[in-house]
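Heavy atoms only: backbone and side chains are in, while hydrogens, waters and symmetry mates are out.
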Amino acid sequence: MQIAKVIVDIASSNIDKIFDYILDEPLAVGQRVLVPFGNRKIEGYIISIVSESSLDESKLKHIIAPLDPGAVITTEQLSLAEFMKNRFYVGYADCIRLFLPPELRSGKVSDVFKTIIKPKNVTEIKAYGETLKKNATAVRGLIEFLVDNFNGVEQSFLNKKFGNTPLKRLKELDLIDIDYLHVNRIPYNDEITTKKEVILTPLQQKAVDTILSDTNGKYLIHGITGSGKTEVYMNVIKSVLNQGKSAMVLVPEISLTPQVLMNFRARFGEQVALLHSGLSAGERFDEWKRILSGDAKIVIGARSAVFCPITNLGVIIIDEEHDSSYFSESHPRYVTSMVAENRAKYNNCMLILGSATPSLVSYSKALNGEYKLVEMLERVNGQTLPAINIIDMGREVRLGNNGIFSNALQVELEKCIKAGNQAILFINRRGFASFVQCRECGWVAKCPDCDVSLSLHKEENVLKCHYCGNKFRVFNECPECHSDNIKYGSIGTERVVEEIHKLFPDVKVLRLDNDVTKTKDAHKNILAKFRAKEAQILVGTQMVAKGHDFPSVTLVGILETDLALYQSSYLATEKTFALVTQVAGRAGRADKNGVVILQSYSPNHYVYQMAKNYDYLAFFKKEINIRQVTKFPPFSVIVRILLTSEENNLAIQALKVYYNNVLSLKDKYPNAFIYLNKMKSPLSRIMKKYRYQIIMRLEPEFEQKVVNELFNIDRENKQKNVQSFIEVNALDLR
């Protein structure tokens, strides 16, 4: 008798265990099966097959049926699930859901086939055509067409050209063969081009040679914007493919994936597959299948692509590794680089992290020898980095300029437009205004379900919550005091576009933010229009800051980064330095010099002064010293227990229970805790749920021991109608 160890597809901590089922037919480890569970039939996954069970055979149920012809989860993925369960405390079912297209699990997607028609015998079908009456023009035309195209024609084309009846007649007479051809729904398939391999600069070649000298090493490429990191990646991948292995390339932003995909497809053709949430269900399913079957040897994707079923990896590349999008801060929580490290270890392959502004943690690891540092500090075109001019907006106001554009930016915009070049204007806020307030009584429009102000979206003419998506009509007078003296808060992308139109009414402007990129291919279409010079100015949020290469962009305007700089987060300065450097790097990437105008009310802040000189090393030294003195990561580990509930009193009660348990843990490990406190979360209510948190900073050597016990505390103190989350080094503690 064979026993299948099965994980059932129920994401509940009470059911997060392995169940034994009797196998009545040969099935594979990693195969999807239908199993009886209680009084239900439910999907499950075979994670191993053994010869006996520890349970009495009479208590075991039988697997009902397989759901696929073979395994859909690889041996490596099963190993990865075990790692994630132990490292991130993610349940088995949650892990497996990361590995599979959601539509596969729900049965809402399947293969697509073309119906191909061809003559069974050309001589016979021609002979039949000769017997037809003169008025049988449709059937005769169909026969002649099939004879001319005897290798086969798609049925839908024939139906459209000749109608259904002639084809039906030939089928009844058994004069045609019908074949079914599987069709891959390949994203952006109509845009495949070819690209010659470029000759590497000496610096690029040195980087490639260094990386290939140790094919299971971990590398950090510190390469300034425009230094040609992508060509380095491609040459490393070429070497990997020549060894019969595969490659994975992760990018931080969905808007980047079409551009990266085109570059890689031009070089490597159909070997490249794309995975991200912006694809259609059919495209995602077919790309996943190409990866699982081994037809695709290179995977390009956003964060979740790190879980794809690619095997025999030779290299994993994480581009823009500093980006916060690589941290999953919703369930299931994980860190992409740690998952990638696990996969690199399993495959004994290279791991490459790349960035113009590496995270302080990664650069520290490079200096400590955990990563090998590869530096690329020159642009491939020989151009210098664009000059960053910092404009004091306080001085602008004192001189009578109360607008959103400094005089310097207006002058540079005019020069850029007249020269026929392009400009990017960055502001990290969408909408028209960040809040709406009554000047008389001070009332602010807030979301009833979240503890945040509503943003004005003028194009839609609504007030919108950026956390839960609630929308409300715009008011002309204050609901409290009925005054019509309404004030609009900090500007967003919509307002910037409106102001540009006032200054340059004939100039075409495009906008790139979450509000205009909700539909499939919206990112790609907007960026394609800008690349084709259908607009001279692109206004956007962080989507415009990362990785884009527009040869005609000579001007970048950074309208506001002070908000990011003064966030209550130890990462605020690091994020701001990276943001300014990345946005500035969009200018002057071809043969034209670039200019950057950075507007700030804190022009002398050290972050801006160091960013002005692109002096990452100076910034790193200053910031790492501050972190060391204040005991923030990487010199400590921040852990948060977040408790949420729709009932405030239940959340408070849970907070007290959890905090008392953590206090006992602190007594047990007195040298582990640098800081411990409980509090209301800065965003005290989101989507109708009240939020409280326990924040602690731990000595790094105690991390695993203490975090293990915190998860035990969580398991033992779960409370009804209260959700609890444990986050390690979360990037957002709001």
Within-4.5 Å side-chain heavy-atom neighbours: Tyr326 and Val306: no

Within 6.0 angstrom of Lys656 NZ, more than 12 heavy atoms from elsewhere: no

Test item: Arg333 side-chain N/O and Phe327 main-chain N/O as donor-acceptor pair under 3.5 Å: no

Worked check of ring-ring contact (aromatic ring centres under 6.0 Å, His included) between Tyr566 and Tyr601: CA-CA 11 Å; Tyr566 293 113; Tyr601 288 92; over 10 Å; no

Side-chain donor-acceptor pair present, Asp562, Ser600, cut-off under 3.5 Å: yes

Heavy-atom pair of closest approach, residues Cys308 and Met248: SG-CE, 4.0 Å

Main-chain N/O of Pro332 paired with Ser328 side-chain donor or acceptor, under 3.5 Å: yes

Tyr692/Tyr659 aromatic ring centres below 6.0 Å: no

Beyond-backbone contact of Glu396 with Asn407, side-chain heavy atoms, under 4.5 angstrom: yes

Heavy-atom closest contact (Pro386 atom, Ala587 atom, distance): CG-O, 3.7 Å

Note, Gln536 side chain near Ser552 side chain (heavy atom, < 4.5 Å): no

Heavy-atom pair of closest approach, residues Pro633 and Arg627: O-NH1, 2.8 Å

Any side-chain donor near an acceptor of the partner, Gln719 and Gln653, under 3.5 Å: no

Polar side chain donor-acceptor pair, Tyr690 to Asn649, under 3.5 angstrom: no

Closest heavy-atom pair and its distance - Leu250, Ala302: CD2-O, 3.7 Å

Atom CE of Met687: over 12 foreign heavy atoms under 6.0 Å: no

Spacing of CG belonging to Leu399 relative to OG belonging to Ser406, to within rounding of 0.5 Å: 11.5 Å

Geometric cation-pi criterion Arg697 and Phe632, 6.0 Å radius, 45° cone: yes

Verdict with reasoning, Arg640 to Glu727, per salt bridge (Lys or Arg N to Asp or Glu O under 4.0 Å): CA-CA 5 Å; Arg640 169 167 82 159; Glu727 302 171 327; 2.7 Å; yes

Side-chain donor or acceptor of Arg586 paired with backbone N/O of Val556 under 3.5 Å: no

Contact summary for Phe619 and Glu574, nearest pair of heavy atoms: CZ-CA, 3.6 Å

N/O donor-acceptor pair under 3.5 Å between Thr336 side chain and Arg303 backbone: no

Contact check, side chains of Ile641 and Asp714, non-hydrogen atoms, under 4.5 Å: no

Expected output: side-chain Glu560 to main-chain Ile404 donor-acceptor under 3.5 Å: no

Residue pair Gln693 / Ser681, side-chain donor-acceptor N/O under 3.5 Å: yes

Residue pair Asp449 / Cys465, side-chain heavy-atom distance below 4.5 Å: no

